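Working notes, structure below.
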Amino acid sequence: MEVRTLQPEASYGTNRRTCRMMEKSSRIAELFEREDQFLGKTVTVQGWVRTRRDSKAEISFVEINDGSCLRNLQVIVELSRPELTRHLDPVTNGCSLCVKGVLQTSPGKGQNIELHADQLKIYGLSDPALYPLQKKRHSFEFLRKIGHLRPRTNTIGAVTRVRSRLSYAVHQFFQERGFCYIHTPIITASDCEGAGETFRVTTLDPGHPVVEGQADDPFRDDFFGKAAYLTVSGQLQAEIYALALGRVYTFGPTFRAENSNTSRHLAEFWMVEPEMAFSDLEDDLAMAECLVKRLIEVVLSQCREDLAFFVRFIDPDLEKRLERVVETAFEIITYTEAVRLLKHSGEDFAYPVEWGNDLQAEHERYLTEKVFRKPAAVIDFPRSLKPFYMRVNDDGDTVAAMDILVPGIGEIVGGSQREERLDLLLEQMRLKGISPDDYSWYVELRQFGSVPHAGFGLGLERFLQFVTGLPNIREVIPFPRSPGHAQF
RNA sequence: UCCCCGGUAGCUCAAUCGGCAGAGCGGGUGGCUGUUAACCACUAGGUUGGCGGUUCGAGUCCGUCCCGGGGAGCCA
């Protein structure tokens, strides 16, 4: 008897091709999850060969991975059956194939079940002399060069599944709390938001960017009639919707043209940015802590197999560290207290600690890794260090900002209560040299029904680094973009 | 952008003081085995990143350029 699995579209009678395919084959993850239900039944799997071991005792072991989970399914091919071996002969690491057979308990060690092949179909061969992926460990640097093949490795496959599950969890978290998902623009004309260098968007001929006689505004004849850029943040636009729908969030790509080449920076990365009306910094902080903990819980409970892989091969302390983050309250410390603490630490920092200076990486690391040994939120930064939109505190010297720092990564969340008072916003803009004319819409939000509101940004890739233990951010995004790198 | 380290076989790396270019894995061939990154034997595979210099002799020393990695800054 043949067991058929998932056929979500079948009842609609549409898209027949997809339906037939999904009826015909099982995903390997499903076979492992419901072993008892599939044992003794005929199933079909489709995937890519990860390894093959031939035994002259009339058996070939072919391990198949279909990306649905970390584990491979061991397929048993009896070499005494010419109708199978005829197909099997050229099968090597990297080949794609379809196997139909009976799922049985495995007598060998290392797996409970195995598939005894009755039919074998090869989709695509893979020349073993040319296929770059070997069964042994490759350097991440090498895998980046073969970005079109690296998702077929255990590590990149695992991180990709975790990334997907986390993205889903982000939506679940906010949707369950009444947040509205806002698609803020990728292209923006707001050039400076205090968030780094921007990429210009233009249709002008790079050989002749300036139209004759219009040197005063070279972008007047550009596509948008003025200078345009890729967004560095959806926050300002999210504020617009927060001041109408109450609770909103954006979740999309952002772009920074910084010439920074580090293991924690990308030119294109994904950011989660909630914005909440009728909220202050305390609400903001609570929501951020709640989100971080919920996302980690999801990884701990929903990505067990992939997480175990990271613990085994990337960072042995990873799971314990994640559990600790969920269990303990985040430390909250004001910038002023942090400075005092650092000054009296007795540590010999390369950068001097002085009120008014930004906290350096070494300072942040000292706080989270030595002093607190858990995530810590630093709040109330000097006004001069932060952008114009942050709310000025009553002391007049600091703003209601927060940075959540985690051990090993550094800043993972940055947020603030926004300045909702018109006069103070205008004063901030004047001090920061930002023309209110360029942000008239932002200013008007404070003229018409302004309310206290707050929000934050969480870098998806930084977060993925934290939950996978991967040291380089280029491994946690499918196609990393950094200075000099935009392949694939 | 700055500092440090690196570039040797398809991959991961070794090569002592400047003295014959190596290993493991992968590939090919043969053997062995309900195998588990299988195992054993044999075998093919090199412009040592490019250019220039020092030297009897350069993978090794010097200059320069290119590329990569790590760290810093900036930030998420």
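By convention in this document, chain letters (A, B, ...) are assigned in the order of the sequence lines, proteins followed by strands, and residues within each chain are numbered from 1. Just so you know, these numbers use all the heavy atoms, side chains as well, and skip hydrogens, waters and symmetry mates. The shown structure was predicted, so the numbers you read here are calculated from the model rather than taken from an experiment.
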Please work out which of the three classes, parallel, tilted or perpendicular, describes the rings of A:His171 and A:Phe251, given edges at 30° and 60°. tilted
On the 0 to 90° scale, with breaks at 30° and 60°, tag the A:Phe309-A:Phe313 ring pair as parallel, tilted or perpendicular. tilted
Just checking A:His485: base, sugar-phosphate only, or nothing, at a heavy-atom cut-off of under 4.0 Å? sugar-phosphate
Taking the C1' atom of each, how far is B:C40 from B:G71, in whole Å? 46 Å
Would you indicate what A:Arg50 reaches in the nucleic acid, counting non-hydrogen atoms under 4.0 angstrom: base, sugar-phosphate, or nothing? nothing
What is the distance from CG of A:Asn72 to P of B:U35, rounded to the nearest Å? 18 Å
NA contact type, A:Ile76, heavy-atom cut-off 4.0 Å: base, sugar-phosphate, or nothing? base
Parallel, tilted or perpendicular: ring planes of A:His138 versus A:Phe142, cut at 30 and 60 degrees: tilted
Planes under 30° and centres closer than 5.5 Å, is that true for A:Phe61 with the base of B:G34? no
For A:Ser106 and A:Glu114, does a side-chain donor sit closer than 3.5 Å to a side-chain acceptor? yes
Using the C1' atoms only, state how far B:G57 lies from B:C61, rounded to an integer number of Å. 13 Å
Are there any protein N/O atoms within less than 3.5 Å of an N/O atom in nucleotides 9-13 of chain B, and if so, which ones and at what distance?
residue, atom, partner, partner atom, Å
B:G10, N2, A:Gln134, OE1, 3.2
B:G10, N2, A:Gln134, NE2, 2.3
B:G10, N3, A:Gln134, NE2, 3.3
B:C11, O2', A:His138, ND1, 3.0
B:C11, O2, A:Lys136, NZ, 2.6
B:U12, OP1, A:Ser139, OG, 2.5
B:U12, O4', A:Lys136, NZ, 3.3

Contacts to RNA chain B from residues 107-115 of chain A, heavy-atom cutoff under 4.0 Å, which residues? A:Pro107, A:Gly108, A:Lys109, A:Gln111, A:Glu114
Write out all pairs satisfying ring pair (Phe, Tyr, Trp, His ring centres under 6.0 Å) with one or both partners inside residues 461-488 of chain A, taking only residues at least two apart or from two chains. A:His148-A:Phe488
Just the rounded figure in Å: distance from P of B:A37 to CG of A:Asn65. 15 Å
Expected output check: what is the dot-bracket annotation of RNA chain B, where ( ) and [ ] are pairs inside the strand (brackets for crossing ones), | is paired with another strand, and pairs are Watson-Crick or G-U under 3.5 Å? (((((((..((((.....[..)))).(((((.......))))).....(((((..]....))))))))))))....
Please confirm whether A:Arg71 makes a cation-pi placement over A:Phe32, using NZ or CZ under 6.0 Å from the six-membered ring centre and within 45° of the ring normal. yes
Rounded to whole Å, how long is the line connecting atom NZ of A:Lys135 with atom C1' of B:C25? 10 Å
Step by step, work out the side chain to side chain donor-acceptor pair (under 3.5 Å) result for A:Ser60 and A:Arg52. CA-CA 7 Å; A:Ser60 183; A:Arg52 173 183 169 184; 3.3 Å; yes
Using the P atoms only, state how far B:C66 lies from B:G28, rounded to an integer number of Å. 40 Å
To the nearest Å, how far apart are A:His265 NE2 and B:G71 C1'? 13 Å
Pairing donors with acceptors under 3.5 angstrom, does anything connect the side chains of A:Glu239 and A:Tyr389? no
Which whole number of Å gives the distance between the P atom of B:G24 and that of B:G63? 36 Å
Quick one: do A:Ser416 and A:Arg418 satisfy side chain to side chain donor-acceptor pair (under 3.5 Å)? Show the steps, please. CA-CA 6 Å; A:Ser416 69; A:Arg418 321 305 188 188; 2.6 Å; yes
Can A:Asp280 and A:Arg391 be counted as an ion pair, charged N to O under 4.0 angstrom? no
Between A:Gly484 and A:Gly457, just flag the one whose closest nucleotide in RNA chain B comes earlier from the 5' side. A:Gly484
Provide the distance between the two C1' atoms, one in B:C4 and one in B:C11, to the nearest whole Å. 26 Å
Let's see if you can work this out: which of B:U36, B:C75, B:U33 has an atom nearest to the side-chain heavy atoms of A:Arg256? B:C75
Close approaches to RNA chain B from residues 358-373 of chain A, in residue order (heavy atom, under 4.0 Å): A:Asp358, A:Gln360, A:Ala361, A:Arg365
Could you tell me the separation between the CD atom of A:Gln487 and the P atom of B:C67, rounded to a whole number of Å? 12 Å
Side chain to side chain donor-acceptor pair (under 3.5 Å) for A:Lys374 and A:Thr328? Distances and angles first, verdict last. CA-CA 8 Å; A:Lys374 61 178 176 178; A:Thr328 60; 4.9 Å; no
I'd like to know if the side chain of A:Arg383 pairs up with that of A:Gln428 as donor and acceptor (distance under 3.5 Å, no hydrogens or angles considered). yes
Cationic tip of A:Lys432 above A:Phe388 ring, under 6.0 Å, 45° of axis: no
Regarding the side chain of A:Tyr351, the nearest nucleotide among B:G73, B:A76, B:G34 is B:G73
Per atom distances to the A:Arg264 side chain, the nearest of B:A72, B:G69, B:A38 is B:A72
Are A:Asp403 and A:Lys386 close enough, and set up right, to give a salt bridge (charged side-chain N to carboxylate O under 4.0 Å, His left out), and what steps lead you there? CA-CA 11 Å; A:Asp403 284 0; A:Lys386 294 293 184 182; 3.4 Å; yes
B:C3 and B:U12: how far apart are their P atoms, nearest whole angstrom? 28 Å
A:Ser263 near the nucleic acid: base, sugar-phosphate alone, or nothing, with a heavy-atom cut-off under 4.0 Å? sugar-phosphate
RNA chain B: 5'-proximal contact among A:Asn93 and A:Arg462 (nearest heavy atom): A:Asn93
Can you check the distance between B:C17 and B:G6, where both ends of the measurement are the P atom (answer in whole Å)? 15 Å
Pairwise P distance, B:G70 and B:G50 [rounded to whole Å]: 24 Å
Please step through side chain to side chain donor-acceptor pair (under 3.5 Å) for the pair A:Thr336 and A:Trp355, ending with a clear verdict. CA-CA 7 Å; A:Thr336 304; A:Trp355 200 98; 3.0 Å; yes
Contacts of type ring pair (Phe, Tyr, Trp, His ring centres under 6.0 Å), residue A:Tyr366, not counting sequence neighbours: A:Phe349
Over all strands shown, is A:Leu266 touching base, sugar-phosphate only, or nothing at heavy-atom distances under 4.0 angstrom? base
Once you apply a heavy-atom cut-off of 4.0 Å, does A:Gln74 come out as touching a base, just sugar-phosphate, or nothing? base
Tell me: CD of A:Gln465 to C1' of B:C75, nearest whole Å? 13 Å
Taking any heavy-atom pair under 4.0 Å as a contact, classify A:Arg144: base, sugar-phosphate, or nothing. sugar-phosphate
From the options B:A38, B:A72, B:C75, select the nucleotide whose nearest atom is closest to the side chain of A:Thr51. B:A38
Quick one: does NZ or CZ of A:Arg177 land under 6.0 Å from the six-membered ring centre of A:Phe173, within 45 degrees of the ring axis? yes
Rounded to the nearest Å, what distance is computed from the CZ atom of residue A:Phe199 to the P atom of nucleotide B:C75? 17 Å
For A:Asn261 and B:G71, what is the distance between atoms CG and C1' respectively, to the nearest whole Å? 11 Å
